Enquirer: 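I have a structure here, written as structure tokens, and I will follow up with some questions on it.
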Amino acid sequence: MSNAPPIDLSAIPESQRAAVLALLQENGALKDANRRLEHLVAELNHVVHGKRSEKLSEDDRQLAFEDLETAVTEVEARKEQAAPSTTTPRRRRQRNLGHLPADLPRIERVIEPASLECPCGCGRMHRIGEDRTERLDIVPAQLRVLVDIRPKYACGICSDGVIQAVAAPRLIEGGLPTEGSIAHVLVSKFADHLPFYRQSQILARSGIQIDRSTLADWAGTAAFHLGPVVDRLTEHLKSSGKLFMDETTAPVLDPGRGRTKTGYLWALARDDRGWGGDDPPGVVFTYRPSRAGAHAEQILQGFDGILQLDGYTGYDRLTRPSRKGGAPITVAHCWAHARRKLKEVFDRDGSEIAAEGLRRIAELYRIEVEIRGMGPGQRLSARQARSAPLVAEFGDWLQAQRLRISVKSRLGEKLTYIHRQWGGLQTFLHDGRVEMDSNAVENLIRPIALTRKNALFAGHDEGGRTWARIASLIATAKINGVEPFAYLKATLEAITAGHPASRIDELMPWNFTTSS
């Protein structure tokens, strides 16, 4: 850390203070980015030269490389944005950028200047040449090359200059991919479970040699530019009065030990379709290296509504007056988890007590089926009239059984679990917006579980963070009936074209239409 004394702004002329402050902020951002890059480079060196790195299989090493390289590219993009006026253009690492075979179909687009009239009034200009640039475009099940042709025009009478249309903007300047290609790579990895090195192998079968490190560069650039969209999506969810939360394991490679460790993807979701709410459904995943309750507290900063979740004790800190980031949260616990506890005992032991508990819970669910889709007022009235007496009877039954059953028995442990959640299990009786269970968020994290089942994991903690960011947009698109590839392609194209930050809400998945 620098020991330089702080700058005394009062000694700087007032007319220059704004410029000095801007430079100080720019310098701070660059220092943060440099520290981040130094950390990532050290991690890369550890993967390559670490004493135990040889214990990783080649596939595992490739996963670690691509996730770290994606993170490096994202940080470099942040540096370029932080200091566009003072930072020299980033020199791209020497890599195989790819070769576009001559036999691939070419779609030529001629980009003409806005006017061909000579500015000196001599008349219409004549075409004297052109610039041609080629980029790889990927359409599902089809590979093709987009060729941008920009004719050059000059006056046939005077020699006052040459005009040519401005080149179309690109997300990756000087790179081969169109925004559609980048979207395809993201969906292939984060929705279809294809790591970059496997995608590279697939492209090679079509004669296109693109290294997996190049694909990682593409993803890192996209992750950086999509970051504000995910941040805004998170803000939308936190503005809601009720959310779901759950967490699921995310295997992550630990190169230092030559095996995987357990990270976690925390899911924060909104789904008001059960009571006809106006807000569209959405989910944001956040990667954290552990399941500590402090992570949930940090993720939920700024949210003060009702939170629907399971009985994991790590969430207990959210209900305390000492909660950081907001007032104590009202918790709605999950009847599906309570039912699951009793079902486990019944399936193993055939317990009549467990069977009775299951029967009572089934009566509550029958009412929920009847009132699903009604407004919150109607749901609340029905619950107070029909469900509240049943819940009260269940509570009396629960206490009576706990007096009879040893707390150390299998059934006793399950009954104690339900008793511990009893307050939160009654929340749905007091608010028609609340569901009886947290199944909505469990359904949203099922694709993550599928990824885990297919033995695909993040190559590094950095990969877990990218995984979470892209998975948030893909999952939110899906639950809003939006095709993820079409959405990501259109969003990346909009960002490339300079979509204003003031209109970022237009880029939310639920606002996407095929004509977007």
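Index from 1, following the sequence. It should be emphasised that the depicted structure is a prediction, and the values quoted were computed from it without experimental measurement.
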Enquirer: Mind checking whether V331 and L318 have side chains closer than 4.5 Å, heavy atoms only?
Expert: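 A side-chain contact under 4.5 Å is absent here.
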Enquirer: Hey, is the main chain of T249 close enough, under 3.5 Å, to the side chain of T262 for a donor-acceptor pair?
Expert: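 Flag not set: sc T262 to bb T249 has no pair under 3.5 Å.
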Enquirer: Is the count of non-hydrogen atoms from other residues, nucleotides or ligands lying under 6.0 Å from K414 atom NZ greater than 12?
Expert: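 Buried by this count: over 12 neighbours within 6.0 Å.
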Enquirer: Run the side-chain contact (heavy atoms from CB on, under 4.5 Å) test on D231 and I504 for me, step by step, so that the C-alpha distance in whole Å, both residues' side-chain angles and the decisive distance to 0.1 Å come before the verdict.
Expert: CA-CA 10 Å; D231 293 342; I504 194 169; over 6 Å; no
Enquirer: Is the closest side-chain heavy-atom distance between I210 and L215 below 4.5 Å?
Expert: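 Yes, at least one pair of side-chain atoms sits under 4.5 Å.
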Enquirer: Rounded to the nearest 0.5 Å, what's the gap from CD1 on I138 to CZ on R144? Could you check?
Expert: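 Rounded to the nearest 0.5 Å, the CD1-CZ separation comes out at 11.0 Å.
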Enquirer: Quick check on side-chain contact (heavy atoms from CB on, under 4.5 Å): which of V187, L186, V230 does I470 satisfy it with?
Expert: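 Going through the options one by one, the only one that passes is L186.
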Enquirer: Please round to the nearest 0.5 Å and tell me the distance separating atom CD1 of I208 and atom CG of L104.
Expert: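 CG of L104 is found 5.0 Å from CD1 of I208.
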Enquirer: Take L226 and L492 through the side-chain contact (heavy atoms from CB on, under 4.5 Å) test and state the conclusion after the steps.
Expert: CA-CA 8 Å; L226 291 171; L492 291 174; 4.0 Å; yes
Enquirer: Apply the test side-chain hydrogen bond (donor to acceptor under 3.5 Å, both in side chains) to residues H236 and D505: give CA-CA distance (whole Å), side-chain angles for both, the deciding distance (0.1 Å), then the verdict.
Expert: CA-CA 9 Å; H236 272 289; D505 281 355; 3.0 Å; yes
Enquirer: Answer with yes or no whether the side chains of S240 and R433 bring together a donor and an acceptor at under 3.5 Å.
Expert: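 No, no side-chain donor-acceptor contact under 3.5 Å.
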Enquirer: Quick one: CG on D310 to CD on E247, what's the gap to the nearest 0.5 Å?
Expert: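 The distance works out to 5.5 Å.
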Enquirer: What verdict does the side-chain contact (heavy atoms from CB on, under 4.5 Å) test give for Q298 and R288, after you've listed the backbone C-alpha separation in whole Å, the side-chain angles of each residue and the deciding distance to 0.1 Å?
Expert: CA-CA 11 Å; Q298 188 275 327; R288 291 292 184 268; 2.5 Å; yes
Enquirer: Check whether any side-chain heavy atom of E493 sits under 4.5 Å from a side-chain heavy atom of T496, and report yes or no.
Expert: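 No; the side chains remain at least 4.5 Å from each other.
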Enquirer: Report yes if some heavy atom in the side chain of K189 is under 4.5 Å from a heavy atom in the side chain of W467; otherwise report no.
Expert: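 No, side chains not in contact.
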Enquirer: Does the distance from a Lys or Arg side-chain N to an Asp or Glu carboxylate O, for E134 and R106, drop under 4.0 Å?
Expert: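 Between R106 and E134 there is a salt bridge, with a charged N closer than 4.0 Å to a carboxylate O.
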Enquirer: Does W335 reach the side chain of N439, with side-chain heavy atoms less than 4.5 Å apart?
Expert: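 No, their side chains stay 4.5 Å or more apart.
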Enquirer: Measuring from H184:NE2 to F485:CZ, what's the distance to the nearest 0.5 Å?
Expert: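 Here the interatomic distance stands at 7.5 Å.
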Enquirer: Is there a side-chain contact between T221 and W218, using heavy atoms and a 4.5 Å cut-off?
Expert: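 They are not in contact (no side-chain heavy atoms under 4.5 Å apart), so the answer is no.
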Enquirer: Which heavy-atom pair separates P328 from R320 by the least distance, and what is that distance?
Expert: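 Looks like CG-O, 3.5 Å.
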Enquirer: Could you tell me the separation between the CE atom of M245 and the CD atom of Q308, rounded to the nearest 0.5 Å?
Expert: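 The distance works out to 13.5 Å.
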Enquirer: Check whether Q199 reaches the backbone of V185 with its side chain - one donor and one acceptor, N or O, closer than 3.5 Å.
Expert: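 Present.
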Enquirer: For A267 and V283, work out which heavy atoms get closest and say how close.
Expert: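 Where A267 meets V283 most closely, the heavy atoms are CB-CG2, 4.2 Å.
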Enquirer: Do you know the tightest heavy-atom contact between A338 and I361?
Expert: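 Looks like C-CD1, 4.4 Å.
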Enquirer: I need the minimum non-hydrogen distance between F196 and A219, along with the two atoms involved.
Expert: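 Residues F196 and A219, closest heavy atoms: CZ-CB, 3.4 Å.
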Enquirer: Would H337 and S438 count as a side-chain contact (heavy atoms from CB on, under 4.5 Å) if you check the C-alpha gap in whole Å, the side-chain angles of each, and the deciding distance to 0.1 Å?
Expert: CA-CA 9 Å; H337 279 77; S438 56; 3.9 Å; yes
Enquirer: Tell me whether E235 is salt-bridged to R232, with the criterion being a basic N under 4.0 Å from an acidic carboxylate O.
Expert: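 Yes, E235 and R232 are salt-bridged.
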Enquirer: When you measure from the side chain of K324 to the backbone N and O of Q301, does any donor-acceptor pair fall under 3.5 Å?
Expert: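 The answer is no, because no donor-acceptor pair under 3.5 Å joins these two groups.
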Enquirer: Using atom types as modelled and distance alone, determine if a side-chain donor or acceptor of Y487 lies under 3.5 Å from a backbone N or O of W510.
Expert: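 No; judged by distance alone, with no hydrogens or angles, the pair does not exist.
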Enquirer: Salt-bridged, D192 to R198, with N to O below 4.0 Å?
Expert: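 Judged by the 4.0 Å cut-off on N to carboxylate O distance, D192 and R198 do not form a salt bridge.
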Enquirer: Are I474 and F190 close enough that some pair of their side-chain heavy atoms sits under 4.5 Å apart?
Expert: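 Yes, side chains in contact.
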Enquirer: May I ask you to say whether K152 pairs ionically with D131, meaning some side-chain N is under 4.0 Å from a carboxylate O?
Expert: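 Yes.
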Enquirer: Is R273 reaching over with its side chain to a backbone N or O of P281, donor-acceptor style, under 3.5 angstrom?
Expert: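 Absent.
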Enquirer: Can E368 and R372 be counted as an ion pair, charged N to O under 4.0 angstrom?
Expert: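 Not counted as a salt bridge, because no side-chain N and carboxylate O are separated by less than 4.0 Å.
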Enquirer: Decide salt bridge (charged side-chain N to carboxylate O under 4.0 Å, His left out) for D304 and R323; before the verdict, give the C-alpha distance in whole Å, the side-chain angles of both, and the deciding distance to 0.1 Å.
Expert: CA-CA 11 Å; D304 293 319; R323 178 207 167 195; 3.2 Å; yes
Enquirer: With no hydrogens and no angle check, just 3.5 Å: does a side-chain donor-acceptor pair link T73 and D217?
Expert: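 Side-chain D/A pair, T73 to D217: present.
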Enquirer: If you take all heavy atoms of A475 and F285, which pair is closest and at what distance?
Expert: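 Distance-wise, the nearest heavy atoms are CB-CE1, 3.9 Å.
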Enquirer: Specify whether Y264 and W266 have parallel, tilted or perpendicular ring planes, treating 30° as the upper limit for parallel and 60° as the lower limit for perpendicular.
Expert: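 Because their plane-to-plane angle lies in the 30° to 60° range, the rings of Y264 and W266 count as tilted.
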Enquirer: Roughly how far, to the nearest 0.5 Å, is CG of D148 from CZ of R170?
Expert: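 Answer rounded to 0.5 Å: 6.5 Å.
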Enquirer: Is any side-chain heavy atom of T476 closer than 4.5 Å to a side-chain heavy atom of N480?
Expert: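 Yes. Closest side-chain heavy atoms under 4.5 Å.
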Enquirer: Of all the heavy-atom pairs spanning L100 and R135, show the shortest one and how long it is.
Expert: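 For L100 versus R135, the nearest heavy atoms are CD1-C, 4.1 Å.
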